[in-house]
Amino acid sequence: MNYAQKGNAVILTDYNSFSIEETLECGQCFRFIKIAEREYIIIAHSKVLSILDKGNEVHFFPCDIDEFESIWINYFDLKRNYREIKEILCERDEVLQKASAYANGIRILNQQSYECLISFIISQNNRIPMIKQVIKNICEFYGEGIGDFNAFPEPEKLVNLSEAELRECKAGFRAKYILDATRKVCDRNGGFLKEVDEADTETARKILMNIKGVGPKVADCVLLFSFGRHEVFPTDVWIKRVVEQLYFSGEQLSIKEIQQFSSEKFGEYAGYAQQYLFHYARSEQIGK
DNA sequence: ATCCAGGATCTCC
DNA sequence: GGAGATCATGGA
């Protein structure tokens, strides 16, 4: 990997396994706008960043080296060797050979944990376009203005809202869950998220599931996409269907059985496997 | 109009 | 501790 400043942009070269389209469109984050083919705007870390993916180089702008190194390298997980991860997964599994080849450029983002938590609470029993809309509403109502957009609000901005006020963001029955999560995050001077961060994964999962409206799937998404726990395997309807179909010839499995399967089969790489499988299942409409 | 969505909860046994 | 209805909202 190499990167250098050029005008108001940082240009990434000499990399592999990174496609901005696959990374953003694979369902792990919600605050991005497609401008054109291979061109996106994302809003994260209270910044608005344009990204132009030319295939052999990627332009990030407006951005300087300091910002790139302090925020975006980690956000896009650019230091990790995904080629090696895919080789390991493909070695033990022919299904993943197909799935990972299908989305060669996915990277697992390191998102801000409060935003990630609220986003995946909203995701339950919901569709991606609606999830994006509700998050956008929350940002426009309560987030700080940054250029033409709004940052995701700090928890302190939401903690004193009423359930009725939050429902105006179209969060529906999830409004009370957002409030409970926000209160716990604000409690003890931000100690909640710190506790999650410092706990082992199993404990962290239990802590997150103390929040009303956070079950195993939402907890695992938060652990994977914002706490760097790459061994979890968020199991939603798509993953359930694709595992049943591609590994168990259509046999019905419980969530617990799927978790068992993933940890035995993929171990510390289960999170990556999950992303490849999810993207594959959704693109090919497997099981529908 | 009826069904359903990156699930979780409550209620029933 | 597992099965089944219910939960807002809006697009198909």
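Below, chains carry the letters A, B, ... as their sequence lines are ordered, and counting in each starts from 1.
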> Roughly, in whole Å, what's the span from CD1 in A:I138 to P in C:dA8?
Replying inline: 16 Å
> Looking at the side chain of A:F173, which of B:dA8, B:dG6, C:dC7 is the nearest nucleotide?
Replying inline: C:dC7
>> The test is side chain to side chain contact (heavy atoms under 4.5 Å, CB included); show your working for A:F266 and A:D93 and say whether it passes.
In response: CA-CA 9 Å; A:F266 308 123; A:D93 195 314; 3.6 Å; yes
>> Suppose we define a pair by two distances each less than 3.5 Å, Watson-Crick or G-U wobble; what does B:dA1 pair with here?
In response: none
> Do any side-chain nitrogens or oxygens of A:R167 fall under 4.0 Å of OP1 or OP2 in C:dA8?
Replying inline: yes
> Expressed in angstrom and rounded to an integer, what is the separation of A:N126 atom CG from B:dC4 atom P?
Replying inline: 16 Å
> Do NZ/NE/NH1/NH2 and the carboxylate oxygens of A:R83 and A:E87 come within less than 4.0 Å?
Replying inline: no
> Which part of the nucleic acid, if any, lies within reach of A:I131 when heavy atoms closer than 4.0 Å are counted: base, sugar-phosphate only, or nothing?
Replying inline: nothing
> Between A:E69 and A:Y3, do the side chains contain an N or O donor and an N or O acceptor separated by less than 3.5 Å?
Replying inline: yes
>> If I pick the P atom on B:dT11 and the same atom on C:dA8, what distance separates them, to the nearest angstrom?
In response: 14 Å
> Can you check whether A:Y102 and A:Y276 have ring centres sitting under 6.0 Å from each other?
Replying inline: no
> Charged N to carboxylate O under 4.0 angstrom, A:E195 versus A:R188?
Replying inline: yes
> Under 5.5 Å between ring centres and under 30° between planes: true for A:F278 and the base of B:dG6?
Replying inline: yes
> Touch check for A:C26, heavy atoms < 4.0 angstrom, all strands: base, sugar-phosphate only, or nothing?
Replying inline: base
> Starting at NZ of A:K176 and ending at C1' of B:dG7, how long is that distance when rounded to a whole Å?
Replying inline: 13 Å
> Atom CG of A:L224 and atom P of B:dG6: how far apart are they, to the nearest Å?
Replying inline: 18 Å
>> In this structure, how many angstroms lie between the P atom of B:dA8 and the CD1 atom of A:I178, rounded?
In response: 14 Å
>> In whole Å, I'd like the distance from the CZ atom of A:F120 to the P atom of B:dA8.
In response: 12 Å
>> Regarding A:V218, tell me which of base, sugar-phosphate or nothing describes its non-hydrogen contacts under 4.0 Å with the strands shown.
In response: sugar-phosphate
> Nearest to the side chain of A:R174, which nucleotide is it out of B:dA8, C:dA8, B:dG6?
Replying inline: C:dA8
>> Between C1' on B:dT9 and NZ on A:K212, what's the gap in Å once rounded to a whole number?
In response: 10 Å
>> Any base atoms under 4.0 Å from A:P216, or only sugar-phosphate, or nothing? Heavy atoms, all strands.
In response: sugar-phosphate
> Taking the nucleotide of DNA chain B with the closest heavy atom to each, which residue, A:I211 or A:Q275, is nearer the 5' end?
Replying inline: A:Q275
> Which listed nucleotide (B:dG6, C:dT9, C:dA8) is nearest to the side chain of A:K170?
Replying inline: C:dT9
> Between A:Q133 (CD) and B:dA5 (P), how many Å, whole number?
Replying inline: 20 Å
> What distance, rounded to whole Å, do you find between the two P atoms, one in C:dG4 and one in B:dG6?
Replying inline: 22 Å
>> So A:G27, base contact, sugar-phosphate only, or nothing? Heavy-atom distance under 4.0 Å.
In response: base
> Among A:D187, A:D180, A:T182, whose side chain to side chain donor-acceptor pair (under 3.5 Å) with A:K184 holds?
Replying inline: A:D180
